[in-house]
Amino acid sequence: GFLELFDGVVCTPVHLPKDIEAWENAMIKEDVDPRQALVVGDNPVSDIESALGAGVKMTALVGGKEPVCRQREIVEIETIADLAESLLNN
């Protein structure tokens with residue numbers, strides 16, 4: 001499966017705020033270089049923009065919501081199932 005493409009997977013609780021500091025702390029806690037991370041989310045601001053602000057280089061926006069920032073590369077997918085195909089094709 002496509003989980004074999006990753007060294008690890010971390011899910012963030014939906015009730016916790018996601019901002020740049022939260023993403024930076026998560027990367028430190030998991031000992032992950034943000035340039036090697038992939039953040040997948042459905043909120044273009046709290047999930048995608050804040051992760052990009054924390055130095056994450058690859059993000060995937062699920063569900064077709066319009067991203068706030070168009071100058072950065074954001075993979076847009078309809079469902080999580082589409083992520084595997086997108087990753088394998090890029």
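Every heavy atom of this structure was used, including side-chain atoms; hydrogens, water molecules and symmetry mates were not.
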Revision key, fill the gap. Residues pairing under side chain to side chain donor-acceptor pair (under 3.5 Å) where one sits in residues 7-16, two or more places apart or in two chains, turn out to be none
Practice item. Output every pair passing side chain to side chain donor-acceptor pair (under 3.5 Å) with a member in residues 21-34, not counting sequence neighbours, ordered by first then second residue. Key: Trp23-Ser50, Asp33-Arg35
Practice item. Evaluate the side-chain proximity of Ile77 to Leu61: yes if any heavy-atom separation is below 4.5 Å, no if none is. Key: no
Review point. Is there a path of hydrophobic side-chain contacts, each under 4.5 Å between heavy atoms of I, L, V, M, F, W or Y residues, that connects Phe6 with Ile80?
Key: yes
Check your understanding: Okay, side chain of Asp42, backbone of Val62: is any donor-acceptor separation there less than 3.5 Å?
Key -> no
Check your understanding: Can you name the side-chain contact (heavy atoms from CB on, under 4.5 Å) partners of Pro17, sequence neighbours left out?
Key -> none
**Study point:** Close side-chain approach of Lys18 to Val39, heavy-atom, < 4.5 Å
**Key:** no
Check your understanding: Taking Pro34 as the fixed residue, which of Met27, Lys57, Met58 is the one that meets the side-chain contact (heavy atoms from CB on, under 4.5 Å) rule?
Key -> Met27
Check your understanding: Between Val56 and Leu52, what is the shortest heavy-atom contact and its length?
Key -> O-CD2, 3.3 Å
Check your understanding: Which atom names give the shortest non-hydrogen contact between Ala60 and Ile48, and what distance separates them?
Key -> O-CD1, 3.5 Å
Check your understanding: Excluding sequence neighbours, so at least two apart, what forms side chain to side chain donor-acceptor pair (under 3.5 Å) with Asp82?
Key -> Thr79
Check your understanding: Got Leu38 and Val75 here, is their nearest side-chain heavy-atom distance under 4.5 Å?
Key -> no
Point to revise | Sequence-distant partners of Thr59, side chain to side chain donor-acceptor pair (under 3.5 Å), two or more places apart | key: none
